[in-house]
Amino acid sequence: MTGPRRPLPATRSAGASDLRRLREHRQLVQEAVPRVREAALAWRNGLAALLVALVGFGLIKGRSDIGQLADRWAAAVGLLLLAALGCGALGAMQLLLAAHGRPRALDLPSALPRALLEQREAADAARQLRRGIALTLVCTGLLVAAVGATWYGPAKENGLMRFDTPGAKVCGTVRRVSGGEAVVRTGDGEVVVPLATVLSMAPVSDCPKE
Amino acid sequence: MSVPPPAMLPYAEESEPRYVQHVADHFELRPYGKGLLLACGPCPRCAAPLEIPVVLTTVRLMSWRAPVRTDPFEVPMACNCDEDHDPRPDGVTEGCGAFWLLGVPAELA
């Protein structure tokens with residue numbers, strides 16, 4: 001901040017239009033704080049309604065269990081949801097600050113004139129309002145991305161295979177294949193399947209209960 | 001330049017050419033952050049000591065972008081003294097009615 005300065009001489013004396021302009025400026029300055037607070041309330045309500053519609057009423061809904069997703073996608077969805085939560089909380093805080101302000105101690109002997117204090121308050125509230133809107137929209141975007149990932153992300157590969165042999169059907173996870181035999185882990189333990197006896201085999205998403 | 005002592009003048013919305021030089025000679029601009037100034041000096045009409053807040057940028061809905069000023073500019077201001085200058089018009093609670101333009105250096109914007 002620079003120190004006190006002398007004003008410059010004006011290039012002309014003031015006229016009636018300058019007086020009108022001065023009154024308009026005063027009115028704008030007086031209305032600044034209520035105007036920005038009112039705008040913040042409207043944005044807060046609008047953005048809250050948007051988020052409630054998106055999440056609360058299930059307008060967008062992904063898989064109910066992200067455990068069905070491939071591990072990396074599940075981790076990404078978790079991170080997206082965490083980031084959405086963080087942005088949403090910060091955005092809500094900024095919108096509330098813009099709408100209602102924050103009580104602060106004011107040192108009266110060094111306090112600025114009321115018009116300057118109110119102008120600072122209006123500028124702070126406008127800044128918080130802009131941040132709150134941006135953060136809430138980012139939160140919405142992250143939520144949509146998370147739901148999209150659960151829609152389009154690949155399902156977890158379980159590695160289950162079903163082998164049909166003349167004597168039995170074996171279903172489980174292939175542990176290893178060597179010497180013409182496949183070792184399959186089933187619910188009853190490991191089973192050795194001679195590959196020469198296999199009539200058909202296919203990947204399956206689930207093994208039938210015995 | 002000496003300043004005449006305060007006198008109980010009737011309220012009158014007026015601006016005279018001599019106010020320009022009076023303000024340049026006797027006023028002081030104290031900056032208080034971006035776009036906020038306090039203009040201090042004696043009223044060119046009633047000589048009351050004044051502290052006039054000068055707000056160069058205000059908030060209008062979403063916009064809070066102070067324009068970048070590279071040239072000096074002029075803002076209108078008026079006496080806001082608490083002296084007794086009757087009869088004041090309805091709705092006017094301060095000042096003697098004098099108004100003038102104040103030249104603000106670009107670096108204070």
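Labels below follow one simple rule: chain letters A, B, ... track the order of the sequence lines, proteins then strands, and each chain is numbered from 1.
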**Asked** Which answer fits Arg37(A), side chain, backbone, both or neither, if we ask what part of it has an atom under 4.5 Å from a heavy atom of chain B?
**Response** neither

**Item:** Other residues, nucleotides, ligands: >12 heavy atoms within 6.0 Å of Asp90(B) CG
**Value:** no

**Prompt:** In terms of heavy-atom pairs under 4.5 Å, which option from Ala125(A), Ala16(A), Gly15(A) contacts chain B the most?
**Reply:** Gly15(A)

**Complete:** Note: Val184(A) and Cys171(A) closest approach over all heavy atoms is CG1-C, 4.3 Å

**Fill in**
The interface call for Leu101(B) against chain A, heavy-atom contacts under 4.5 Å, is both

**Asked** Is His26(B) reaching over with its side chain to a backbone N or O of Pro42(B), donor-acceptor style, under 3.5 angstrom?
**Response** no

**Asked** Counting only N and O atoms by type, is there a donor-acceptor contact under 3.5 Å from the side chain of Arg176(A) to the main-chain atoms of Glu181(A)?
**Response** no

**Item:** Arg12(A) portion near chain B, given a 4.5 angstrom heavy-atom threshold
**Value:** both

**Complete:** Most heavy-atom pairs under 4.5 Å with chain B, out of Ala115(A), Ala32(A), Ala14(A), belong to Ala14(A)

**Item:** Pair Arg162(A) + Asp164(A): basic N to acidic O under 4.0 Å
**Value:** yes

**Request:** Measure Leu112(A) against the heavy atoms of chain B and call it side chain, backbone, both or neither at under 4.5 Å.
**Result:** side chain

**Prompt:** Which distance, rounded to the nearest 0.5 Å, do you find between the CD of Glu24(A) and the CG of Leu19(A)?
**Reply:** 10.5 Å

**Item:** Largest heavy-atom contact set with chain A, pairs under 4.5 Å, which of Arg18(B), Met77(B), Glu51(B)
**Value:** Met77(B)

**Fill in**
Heaviest contributor of heavy-atom pairs below 4.5 Å to chain A, chosen from Gly35(B), Pro53(B), Pro17(B), Pro105(B), is Pro105(B)

**Message:** Heavy-atom cut-off 4.5 Å, strictly under: side chain, backbone, both or neither for Pro9(A) against chain B?
**Reply:** both

**Asked** In terms of side-chain heavy atoms, does Glu13(B) have a donor or acceptor partner in Tyr11(B) at a distance below 3.5 Å?
**Response** yes

**Complete:** Highest number of heavy-atom pairs under 4.5 Å with chain A among Val23(B), Val55(B), Leu29(B) belongs to Leu29(B)

**Gln30(A) side chain near Glu118(A) side chain, heavy-atom distance below 4.5 Å** = no

**Request:** Could you tell me which of Tyr19(B), Phe73(B), Phe99(B) has the largest number of non-hydrogen atom pairs under 4.5 Å with chain A?
**Result:** Phe99(B)

**Prompt:** Among Glu74(B), Glu16(B), Arg30(B), who wins on heavy-atom pairs under 4.5 Å with chain A?
**Reply:** Glu74(B)

**Message:** Please rank His25(A), Glu38(A), Arg21(A), Arg26(A) by heavy-atom pairs under 4.5 Å with chain B and give me the top one.
**Reply:** Arg21(A)

**Request:** Apply salt bridge (Lys or Arg N to Asp or Glu O under 4.0 Å) to Glu14(B) and list each qualifying residue two or more places apart in sequence or on a separate chain.
**Result:** Arg45(B)

